[in-house]
A.B. asks: 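Quick one: the structure is below, and I'll ask about it shortly.
Whatever order the structure lists ligands and atoms in, that order sets their numbers, starting from 1.
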Amino acid sequence: MRALAEMLSAGDVTSVELVQHYLDQIQSTDQDIKAFLHVDREGALQAAQAADERRKAGTPLSPWDGIPIAVKDNICTVGMPTTCASRMLKDYYSPFDAEVVTRIKGAGLPILGKTNLDEFAMGSSTEYSAYQITHNPHDLTRVPGGSSGGSAAAVAAGLCPWGLGTDTGGSIRQPAAFCGVVGLKPTFGRVSRWGLVALASSMDQIGPMGRTVEDVEILFSLIAGYDQRDSTSCPDSGYEFGNESLGTLAGIRLGIPEEFFGEGLSPEVAARVREAVRRMEDLGAEVRPISLPHSAYSIDTYLTLVTAEASSNLARYDGVRYGLRVEADDAVSMFKQTRTKGFGPEVKRRIMLGTYVLTASHHAAYYEQARRVRTLITQDVESAFEEVDVVVTPTTPSTAFRIGEKQDPLQMYLSDSYTAIANLAGIPALTLPCGKDKLGLPIGIQLMADHFREDVLFWVGRMLERSLKEADSSGRI
Ligand code: GLN
């Protein structure tokens, strides 16, 4: 992104040209990828025009003024639909911008459009979108991952330079890994959720996706920081871009939890991740085996909590205040028919499961139990960070699977086996590409750090990325 910013500031390219370039790419390629649910040609070009005028007047809003972006369609935007890829919110227009949207507009970023997702961000492939399935740019017969599959595929296919996603259990990191891009799930409380359509409020985070660690770091610096309208927002949580990373990883302790390298992990993914660990060791990092003994329960815990919170958050779609309404003779039938028609099968499954785990008779056995296990998992993570700076794992158990391959929802849920732990514990986690499998599909490595230590993730991530790039160009991988 620095190169683009320099070209803009030198006058080698205008924002209008840049936006036009991405619109042309979308026009020619997105019929195959299907990353966008909505493209805002006019709005993006207008914003670009304004950016160019500011440049001319010598008053750019930021070094990134005029560089366009794509936004996941569960983040509210004025002037564009916000559908959450659900029939329930078909043609819904938010009357306000999400705080992150206000911030990116404040930095001068024109918004190209809204990207596809699994309905209400529930899923790992975008196959649960009510509108379209997004295809993985590396192999169109495969999924891009989910739920932020639209943003990941758009970045990977060069339809936008960077994008915003959301991550409740892995929805930024898993698609980033499947599409060979970089993605960050920030510390819980560091990026405002004001204007994010809620899935599970104790875990949802908005985060940046891009082609390089540096791009993700820049975008993170634009969206991080306190917002009084989000009651979970942390004071002094802003992030300043610009700390040059040191030349080595000396002094960095990497923890390798063996629980994440066992059953269910593709040998090719394991091999690439272990190779990346050796690379970081060569750069000076110290590698230590660690244990996160309760991590085996993270998926069960996550699913219990995510369904419970979703069932409560989605109660607002009743046909009264916004979204779809199916008219009926009385109010209760109207609620029923609206919800029957408006929600897809995965959303219904989760609402039912979530309602069940919250019922008076099962609350203690499921919901309360899951909260207790969440505490144990969080304690595991806290003690790990007493010993190490970064926990390293694969991002996903496998590379991108084929469209239609995972019919069993339980199989789909296992996609989040390695990512949900960061949401449960509220810690930041970065994924970056660390090679490909023999089919040429990207493999992601996940780096997790303690609360508010995104700086460490960016440092280690950048060093690893550079080392992988050097090896790549010398033909060693
Ligand atoms: N794939 C996970 C799920 O289906 C994650 C969703 C998310 O992070 N939004 O719940």
A.B. asks: Can you confirm whether or not the ring centre of F452 sits under 6.0 Å from the ring centre of Y239?
C.D. replies: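 Not under 6.0 Å, so no.
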
A.B. asks: Would you call Q174 a ligand 1 contact, heavy-atom distance under 4.0 Å?
C.D. replies: no

A.B. asks: At less than 4.0 angstrom from any non-hydrogen atom of S147, what atoms of ligand 1 do you find?
C.D. replies: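 What qualifies from ligand 1 is 9 (N).
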
A.B. asks: Under the 3.5 angstrom rule, does the side chain of S298 hit a backbone N or O of S295 as a donor-acceptor pair?
C.D. replies: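 Yes, because the side chain of S298 sits within donor-acceptor range (under 3.5 Å) of the backbone of S295.
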
A.B. asks: Check ligand 1 against G123 and write out every atom of the ligand that is under 4.0 Å from a heavy-atom position of the residue.
C.D. replies: 1 (N), 2 (C), 3 (C), 4 (O)

A.B. asks: Between E268 and K438, is the closest basic N to carboxylate O distance under 4.0 Å?
C.D. replies: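 Counted as a salt bridge, because a side-chain N and a carboxylate O are separated by less than 4.0 Å.
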
A.B. asks: Does ligand 1 come near enough to R350 that some N or O of the ligand is less than 3.5 Å from an N or O of the residue?
C.D. replies: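 Checking ligand 1 against R350, an N or O pair does fall under 3.5 Å apart.
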
A.B. asks: Does ligand 1 have an atom under 4.0 Å from some heavy atom of Y413?
C.D. replies: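 No heavy atom of Y413 comes that close to ligand 1.
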
A.B. asks: Report yes if the side chains of L140 and I33 come closer than 4.5 Å at any heavy-atom pair, otherwise no.
C.D. replies: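 Side-chain contact under 4.5 Å: yes.
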
A.B. asks: State whether a side-chain donor-acceptor pair under 3.5 Å links T29 with D32.
C.D. replies: no

A.B. asks: Under 4.0 Å, heavy-atom basis, I'd like to know which part of T168 is in contact with ligand 1: side chain, backbone, both or neither.
C.D. replies: both

A.B. asks: Which option out of S124, S171, A420 puts a heavy atom nearest to atom 8 (O) of ligand 1?
C.D. replies: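 That would be S171.
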
A.B. asks: At a 4.0 Å threshold, what atoms of ligand 1 neighbour a non-hydrogen atom of D167?
C.D. replies: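 Matching atoms, with element in brackets: 8 (O).
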
A.B. asks: Looking at ligand 1, is there an atom of it that comes within less than 4.0 Å of some heavy atom belonging to T166?
C.D. replies: no

A.B. asks: Would you say the ring centroid of F241 lies under 6.0 angstrom from that of F458?
C.D. replies: no

A.B. asks: Starting from atom 10 (O) of ligand 1, find the nearest protein heavy-atom neighbour and note its residue, name and distance.
C.D. replies: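 Looking at atom 10 (O) of ligand 1, the protein heavy atom closest to it is Y302 OH, 2.6 Å.
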
A.B. asks: Please check whether G169 reaches ligand 1 - meaning an N/O of the residue sits under 3.5 Å from an N/O of the ligand, judged on distance alone.
C.D. replies: yes

A.B. asks: I'd like to check which ligand 1 atoms, numbered from 1 as shown, lie under 4.0 Å from a non-hydrogen atom of D416.
C.D. replies: 1 (N), 2 (C), 3 (C), 5 (C)

A.B. asks: So is L199 close enough to ligand 1, meaning a heavy atom under 4.0 angstrom away?
C.D. replies: yes

A.B. asks: Take atom CZ in F260; do more than 12 heavy atoms of anything else shown fall under 6.0 Å from it?
C.D. replies: yes

A.B. asks: Against ligand 1, does S415 come closer than 4.0 Å with any heavy atom?
C.D. replies: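 The answer is no, since S415 has no heavy atom less than 4.0 Å from ligand 1.
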
A.B. asks: If you measure every N/O of A121 against every N/O of ligand 1, is any gap under 3.5 Å?
C.D. replies: yes

A.B. asks: Between E258 and R274, is there a side-chain N and carboxylate O pair less than 4.0 Å apart?
C.D. replies: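 Here E258 pairs with R274 in a salt bridge, since their nearest N and O are under 4.0 Å apart.
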
A.B. asks: Salt bridge between R462 and E465, side-chain N to carboxylate O under 4.0 Å?
C.D. replies: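 Result for this pair is no, no salt bridge flagged.
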
A.B. asks: Would you say T77 and S94 make side-chain contact, with heavy atoms under 4.5 Å?
C.D. replies: no

